[in-house]
Each structure stands twice: as C-alpha cells, then as structure tokens.
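Worksheet for the structure shown next.
Numbers here are sequence positions counted from 1. When a ligand or atom number is given, it counts from 1 through the structure's own listing order.
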Amino acid sequence: MGEVIRSDLVVVGAGVAGLTAALVAAADGLSVTVLTKGRAWEASGGEQSTSTFYAQGGIAVVEPDNPEDSVALHLADTLAAGAGLTDPLATEPILADGWEAVAQLVGWGADFDTGSDGRFLRTREGGHSVRRIIHAGGDATGARVQQALATAVAQSPVRVLDDAVATQVLLADGRAAGLEFVSGGVRGVVRAASVLIATGGMGHVYSATTNPAGSTGDGIALALRAGAEVADLEFIQFHPTMLYVPGAHGRRTLVSEAVRGEGGILVDTDGDSVTAGVHPLGDLAPRDVVARAVTAAMRRTGSPHVWLDLSPVPDFARRFPTVTAGVRASGLDIDDLRLPVVPGAHYLCGGVVTDGDGRTSVPGLFAAGEVARTGLHGANRLASNSLLEGLVMGRATARAVASEPGVRGDVDRPKLSELPACDRAELQDAMSANGALDRTADGLDEVAALLEGAPARRLATVADIEDANLTLAARAVVAAARAREESRGCHYRADFPQVDEVGRSHRFRLVEGQMVAGVLVD
Ligand code: FAD
Ligand code: SIN
C-alpha cells in the first residue's frame with residue numbers, strides 16, 4: 001500500500017476543468033491534490049493526456065463591448081444546437097461568466113491571437129450566428145490553454161500526482177471522503193472532504209475518435225459506482241470532419257470546424273455539396289446535422305469519406321498549423337488542398353448530473369468539464385462551448401468546495417479486485433456498428449447483450465481498469481439510447497426517426513449492478 005495523502009480537495013483530471021478548479025481552490029487557501037493519467041503537461045511534444053491539449057477551434061465567449069454579440073444571442077445559439085434539451089436556467093450563468101473566466105485564464109498566462117488593434121481575433125464555427133470564438137496559435141488553442149494552466153499549477157502549492165489512475169471514490173457515512181488510486185502498480189489513497197471528477201470524455205468506446213488515449217469513461221464509471229446520477233449519455237457528439245485514414249484505429253486528427261468557418265467546403269466524392277438543401281446554415285449548421293449529412297453523402301456515393309476543400313482558405317498552413325502537422329503526420333499531402341474526412345466520436349454531451357456549483361447527487365462529490373452534465377449542451381453541444389464550460393465550472397466548483405464540511409466517520413474502502421470487462425476491440429467494434437450515428441432497437445439489444453455478458457476480469461493493469469470503465473460507461477450509453485425512442489440532436493434512431501414533442505432528459509443510477517432509469521427534472 002502506498003502513502004495516504006490528506007487534502008481538502010482531491011481532483012481527478014488535469015485538463016481545463018480540473019486545473020482551473022485546483023488553481024482557484026488553492027488560491028482560496030485549500031490544500032489540493034490532482035491525479036492524472038500521463039502528465040499534466042508533456043513537454044516532449046509526444047502524446048498528451050488531455051482533450052484540452054488537443055482543442056483546436058477555440059473558446060466561444062461573448063466580449064462585453066462587441067456590439068454584434070450578447071449573452072442572449074449566445075444563449076439562443078446554444079439552445080438551438082441543444083435541440084430542446086439545453087436547460088436555459090443552468091446555461092445563462094455559465095455563458096455570462098465566460099468573459100471573467102477567460103480574463104482569469106489570461107492572467108494565468110494564456111495568450112490569444114489578436115489583430116492589429118490589439119483585440120482578440122474571432123472565428124466562426126457550426127451553429128454560431130456571429131464570429132465569437134477566440135483562438136490561440138491559430139488552431140493550437142488547447143495546447144496554449146493546457147500549457148498556461150499546467151505552468152500556473154506548477155508554480156502553485158497544488159500537488160500533482162502524474163501517472164496516478166483513480167480507481168474508486170471512497171465514501172464515509174454516505175458522502176465522498178477521498179479516492180483510491182494506483183500508480184506504478186502500487187495502490188494509494190487520498191483522503192479529502194471534497195472529491196472532484198474532471199476526467200473528460202469517453203471517445204474510446206468507439207474504434208476511432210478525436211480523443212486522447214485516456215478518454216475511457218473513467219469518470220462516468222467512478223461516479224456510477226459511487227451512487228451518483230448520470231443523464232443525457234445517449235448524446236455522443238460525432239465531429240463531422242475527423243481525418244480519414246484507411247484502417248486507422250484509436251485517436252485520429254481532427255480537422256477543426258473553424259476550417260469551414262474560414263471558407264472550407266464539404267463536397268462528396270462526386271464533387272457535389274454535402275449540405276446543400278439540408279440546413280440554412282449549410283456547412284456551418286450544428287454538428288449533428290452536418291455529421292449526418294456527411295454520412296448520407298458517403299452512403300450516396302459509396303465512398304468511405306467525403307472531401308473538405310481547403311482551397312478557399314487563405315494561407316491554410318499558417319492559420320491551421322495543428323491540422324497541417326496532423327495531416328502530414330498521417331502521411332497525407334496538405335498541398336493537395338483537399339482532405340478526406342469522416343465523422344468521428346468527439347464529445348460526451350451528457351454526463352454526471354450536477355447543479356450550477358458542480359455538486360452531484362452524492363454529498364461531497366463534484367464533477368466538472370466534459371464528464372459533467374450541467375444542462376448546457378442538451379442533445380448536441382454548440383462548438384467551442386466546452387473549454388468555456390470547463391473554465392467556468394472549474395471556478396464555480398472550487399468556490400463551492402470551500403464551504404464543504406470536513407470528513408467525519410470511518411472511510412469505507414471496499415476491496416476492488418475484479419470487475420466485468422469486455423475485450424476492448426470487441427466493445428469498440430460493437431459500439432461503432434450499433435451504438436454510433438445510426439441506432440436501432442435490434443442493434444442496441446445486440447451491443448447490450450455483449451456488454452451485460454462481460455466476464456469478470458482481475459484488475460491487474462491500468463488497461464484492465466480502463467476496459468472495466470469502458471464496459472460500464474458503454475452500458476450506460478446503450479441504456480440511455482434504448483430508452484430514448486425518438487431522434488434528437490446527436491441521437492438518431494432509424495426505427496424512431498421523429499422528434500417527440502416533449503423533450504426530457506433521462507437519468508440513470510447503478511443500483512446493485514443494474515442501470516435504473518428515471519426522468520430528470522431540472
Ligand atoms: P480533459 O481535458 O480531457 O482532461 C481529462 C483529465 O482526466 C486528463 O488529465 C486525464 O488524464 C484524466 N483522467 C481521466 N481518467 C482518469 C483516472 N481514472 N485517473 C486519473 N486521471 C484521469 N472544445 C472547445 O470548446 N473548443 C475546441 O476548439 C475544442 N476542440 C477539440 C478538439 C479535439 C481534438 C478534442 C478531442 C476536443 C475538443 N474540444 C473542444 C472539446 C474539449 O477540448 C474538451 O471537452 C475539454 O478540453 C475537456 O476538458 P476536461 O478538463 O473536462 O477533460
Ligand atoms: C473544432 O475545432 O472543430 C472543435 C471545436 C469543438 O469541439 O468545440
């Protein structure tokens with residue numbers, strides 16, 4: 001057994017949500033420990049552990065003195081993208097706090113691209129009615145944000161445990177009281193009055209994704225096993241333009257939506273527009289609409305991809321250096337000025353249910369960032385609202401944590417030696433075939449049978465833990481997708497193609513190993 005660490009707050013995750021919360025809580029005088037798979041900042045330039053690092057397009061934020069924009073307009077765009085399930089009361093304060101949160105990030109050292117007048121440059125992405133997305137290093141926004149946060153944390157009293165994988169939330173008298181983790185094969189414990197899950201998404205339930213390798217749904221699994229509620233998990237957002245590389249598995253290069261914001265055009269392999277007649281915003285329609293149009297174009301032409309025509313984008317390599325590097329690393333020639341693209345698993349719109357302070361249904365347990373379901377994203381996230389949410393909710397959670405009571409009573413530490421776990425490739429293939437963009441009852445039943453029949457696996461390695469988490473997280477997605485007998489936002493049921501009149505979120509809890517459903521009332 002490793003050491004027992006004591007902190008006021010323990011954070012799982014070193015992306016935008018986790019590090020923001022850690023910095024704000026530490027500035028308020030709390031002792032904070034952060035656990036992360038990999039490292040908070042990989043200076044070598046190799047594979048990074050956070051989705052935050054890989055973010056390209058930017059941060060959607062309303063500049064207070066921009067006469068073309070307002071929080072009300074940003075709210076309207078967010079509600080339109082969310083397809084009836086975005087909660088306006090939860091959303092407005094998140095959007096309204098955006099500017100202050102960005103100002104704090106700039107104070108920590110993040111620098112955004114500016115024009116000759118010294119003001120932030122702004123781009124446009126799908127579903128936005130105005131240019132409101134600020135960016136850094138062209139399309140290296142996430143890398144700049146991650147570096148600024150990790151550098152600020154390194155200069156703060158926050159303790160970061162790299163390569164430390166959280167395995168279970170510890171409870172005392174029904175409230176969260178710490179975490180168990182494994183690092184270098186050794187188990188350790190952090191005892192803390194508050195536990196924040198900020199583990200990002202679960203792209204690796206599918207065989208190809210834009211997400212980093214550690215996005216294996218750990219936070220969803222940790223929260224479910226601790227008794228917390230999750231909601232809206234059926235809404236997995238597929239980005240319309242992931243680089244197509246034949247036969248490639250795992251993380252793949254994203255081609256930012258900002259490329260279309262700067263003039264890029266989607267055409268099928270016959271040369272016809274992919275989105276003509278589909279939506280008034282054309283190639284800049286909300287993501288679910290464009291992703292389905294891309295899939296339809298691929299079916300129509302029989303091609304495994306569509307083309308993204310870069311020729312209208314001036315000085316592409318300078319404006320989009322991250323995409324350019326990713327394309328070259330994949331062995332493709334950027335000078336062709338057209339890229340083969342396909343929809344790819346990108347973002348978890350639902351998650352662990354929280355209030356506006358990041359509190360989950362388990363006292364002392366908080367969630368923030370992509371893993372959380374605040375009500376902002378509804379059935380489909382508006383582009384570039386995620387970094388914004390991570391910043392704003394990281395701050396809100398840190399402030400709420402400061403008022404938590406200390407841990408009393410004995411900490412319950414059940415021995416976690418084995419869990420049900422599917423073979424990873426089999427799970428990913430089944431989810432890609434039957435739980436992705438086109439779903440039916442029969443297909444979902446098939447994948448549910450695989451997941452529910454997962455054999456018990458001894459948890460000897462981090463991969464075993466991740467496979468068990470992928471299995472539980474996928475079960476929750478499939479349960480939610482089976483329950484939603486309609487099509488809305490990112491969730492399309494070929495057997496129920498209509499939208500129900502009443503939009504409701506479904507919540508799920510894990511009770512004695514079974515997924516139990518209810519309706520979420522915001
Ligand atoms: P992450 O940044 O993913 O961090 C998760 C952390 O949790 C990591 O440190 C990970 O190691 C750790 N972790 C996970 N499980 C465990 C465990 N069991 N134990 C310990 N640590 C664990 N959004 C935008 O708003 N704008 C964009 O331009 C944009 N572009 C994107 C481009 C790409 C390619 C991708 C993948 C996403 C993009 N997004 C964008 C989405 C956005 O980047 C993410 O939703 C956001 O960064 C998530 O932040 P987070 O802090 O919640 O999680
Ligand atoms: C992109 O740059 O297209 C990604 C933006 C996002 O996911 O919000």
Side-chain angles (χ1 to χ4, degrees), residues 10-21 34-41 48-61 123 125-128 133-136 139-143 145-146 149-150 160-168 179-183 196-203 209-222 237 239-242 251-261 287 320 322-323 326 344-349 351 367-372 377 381-391 393-394 462 465-466 469:
V10 60
V11 180
V12 197
V16 63
L19 294 188
T20 300
V34 175
L35 311 184
T36 176
K37 288 178 176 174
R39 302 168 68 83
W41 173 250
Q48 304 273 338
S49 67
T50 66
S51 280
T52 300
F53 175 91
Y54 289 105
Q56 294 183 359
I59 304 180
V61 66
T123 190
E125 293 185 61
H128 289 273
I133 296 157
I134 61 169
H135 46 85
D139 60 356
T141 309
V145 168
Q146 185 73 34
L149 289 170
V160 179
L161 303 182
D162 289 326
D163 298 310
V165 179
T167 51
Q168 63 178 331
L179 276 173
E180 191 178 65
F181 65 94
V182 59
S183 184
L196 169 59
I197 297 180
T199 48
M202 55 154 94
T209 173
T210 62
N211 292 187
S215 299
T216 49
D218 295 13
I220 298 296
L222 287 167
Q237 182 172 75
H239 196 290
T241 58
M242 180 176 75
R251 188 181 78 77
R252 281 159 58 174
T253 294
L254 179 80
V255 184
S256 175
E257 204 156 80
V259 171
R260 279 171 279 138
R287 248 172 222 179
F320 294 102
T322 306
V323 175
H346 182 62
Y347 185 82
L348 173 61
C349 298
E370 185 166 341
V371 74
H377 307 305
R381 176 179 63 107
L382 183 67
S384 288
N385 264 358
S386 178
L387 292 176
L388 174 81
E389 185 188 40
L391 283 171
M393 292 308 298
V462 169
I465 295 163
E466 288 183 342
N469 292 338

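- Atoms of ligand 1 lying under 4.0 Å from any heavy atom of Asp218, numbered from 1 in the order shown and given with element: 15 (N), 16 (C), 17 (C), 18 (N).
- Of the protein's non-hydrogen atoms, the one nearest atom 53 (O) of ligand 1 is Gly200 CA, 3.3 Å.
- Taking any N or O of Gly57, backbone or side chain, at least one lies under 3.5 Å from an N or O belonging to ligand 1.
- Within the structure, the closest approach of Ile59 to ligand 1 does not fall below 4.0 Å when heavy atoms are considered.
- For atom 27 (C) of ligand 1, the nearest protein heavy atom (residue, atom name, distance) is Gly58 O, 3.5 Å.
- Cation-pi check for Arg287 over Tyr347 is not met; the charged atom does not lie both under 6.0 angstrom from the ring centroid and within 45 degrees of its normal.
- Thr141 and His135 share no donor-acceptor pair across their side chains, judged by distance under 3.5 Å alone.
- Nearest protein neighbour of atom 37 (C) of ligand 1, counting heavy atoms only, is His346 CE1, 3.5 Å.
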For this session: Would you sort out whether Leu348 and Val371 count as a side chain to side chain contact (heavy atoms under 4.5 Å, CB included), showing the intermediate values?
Result: CA-CA 7 Å; Leu348 173 61; Val371 74; 5.6 Å; no
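- By the side-chain contact (heavy atoms from CB on, under 4.5 Å) test, Ser49 pairs with Thr36, sequence neighbours left out.
- Regarding atom 31 (C) of ligand 1, its nearest protein heavy-atom neighbour is Ala55 CA, 3.3 Å.
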Exercise. Should His239 and Met242 be marked as a side chain to side chain contact (heavy atoms under 4.5 Å, CB included) after you check the CA-CA gap, both sets of side-chain angles, and the distance that decides it?
Worked result: CA-CA 7 Å; His239 196 290; Met242 180 176 75; 5.7 Å; no
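- In this structure, the protein non-hydrogen atom closest to atom 34 (C) of ligand 1 is Tyr54 O, 3.5 Å.
- Pairing each heavy atom of Val255 with each of Gln56, the nearest pair is C-OE1, 3.9 Å.
- Geometrically, ligand 1 and Val371 share no nitrogen or oxygen pair separated by less than 3.5 Å.
- Under 4.0 angstrom from ligand 1, the non-hydrogen atoms of Ala164 all belong to its backbone.
- Closest to atom 42 (C) of ligand 1 among all protein heavy atoms lies Ser386 OG, 3.6 Å.
- Minimum heavy-atom separation, Gly57 to Glu125: CA-OE2, 3.6 Å.
- Annotation: Lys37 places an N or O atom under 3.5 Å from an N or O atom of ligand 1; distance criterion only.
- Heavy-atom contacts of Ala17 reach the following atoms of ligand 1: 51 (O) (cutoff under 4.0 Å).
- Remark: the backbone N or O of Val323 is paired with a side-chain donor or acceptor of Asp139 at under 3.5 angstrom.
- Distances below 4.0 Å separate heavy atoms of Ala166 from the following atoms of ligand 1: 17 (C), 18 (N), 19 (N), 20 (C).
- The nearest pair of heavy atoms linking Val10 to Leu35 is CG2-CG, 4.4 Å.
- Per-residue contacts place Arg381 under 4.0 angstrom from the following atoms of ligand 1 (heavy atoms of the residue considered): 23 (N), 24 (C), 25 (O).
- Residue-to-ligand polar distances keep Thr210 apart from ligand 1: every N/O pair is separated by 3.5 Å or more.
- Residue-ligand proximity, Leu35 to ligand 1, at heavy-atom distances under 4.0 Å covers atoms 20 (C), 21 (N).
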Give me the pairs of N or O atoms, one from ligand 2 and one from the protein, that sit under 3.5 Å apart.
residue, atom, partner, partner atom, Å
ligand 2, 2 (O), Gly57, N, 2.9
ligand 2, 2 (O), Ser256, OG, 2.7
ligand 2, 3 (O), Glu125, OE1, 3.4
ligand 2, 3 (O), His239, NE2, 2.8
ligand 2, 3 (O), Glu257, N, 2.6
ligand 2, 7 (O), Arg287, NH1, 2.9
ligand 2, 7 (O), Arg287, NH2, 3.3
ligand 2, 7 (O), His346, NE2, 2.7
ligand 2, 7 (O), Arg381, NH2, 2.7
ligand 2, 8 (O), Arg381, NH1, 2.8
ligand 2, 8 (O), Arg381, NH2, 3.4
ligand 2, 8 (O), Ser384, N, 2.6

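- Short contacts between ligand 1 and Ser49, defined as distances under 4.0 Å to a heavy atom of the residue, involve ligand atoms 8 (C), 9 (O), 10 (C), 11 (O).
- Ranking the protein heavy atoms by distance from atom 49 (O) of ligand 1 puts Thr52 OG1, 3.3 Å first.
- Ion pairing of Lys37 with Glu466 is present here, as a side-chain N (NZ or NE/NH1/NH2) and a carboxylate O approach within less than 4.0 Å.
- Side chain to side chain, His377 and Glu389 meet the donor-acceptor criterion of an N or O pair below 3.5 Å.
- Considering every non-hydrogen atom in both Val34 and Ala14, the closest pair reads CG1-CB, 4.2 Å.
- The atoms of ligand 1 that sit less than 4.0 Å from any heavy atom of Ala14 are 6 (C), 8 (C), 9 (O).
- Residue contacts with ligand 1: Thr141 is excluded, as none of its non-hydrogen atoms falls under 4.0 Å.
- Of the protein's non-hydrogen atoms, Ser51 N, 3.0 Å is the one closest to atom 3 (O) of ligand 1.
- Contacts of Tyr347 with ligand 1, taken as heavy-atom pairs under 4.0 Å, involve the side chain alone.
- Contacts with ligand 1 closer than 4.0 Å are made by heavy atoms of both the backbone and the side chain of Glu370.
- Heavy-atom proximity to Ala198, at under 4.0 Å, picks out these atoms of ligand 1: 5 (C), 6 (C), 7 (O).
- Here Thr199 has heavy atoms under 4.0 Å from ligand 1 in both its backbone and its side chain.
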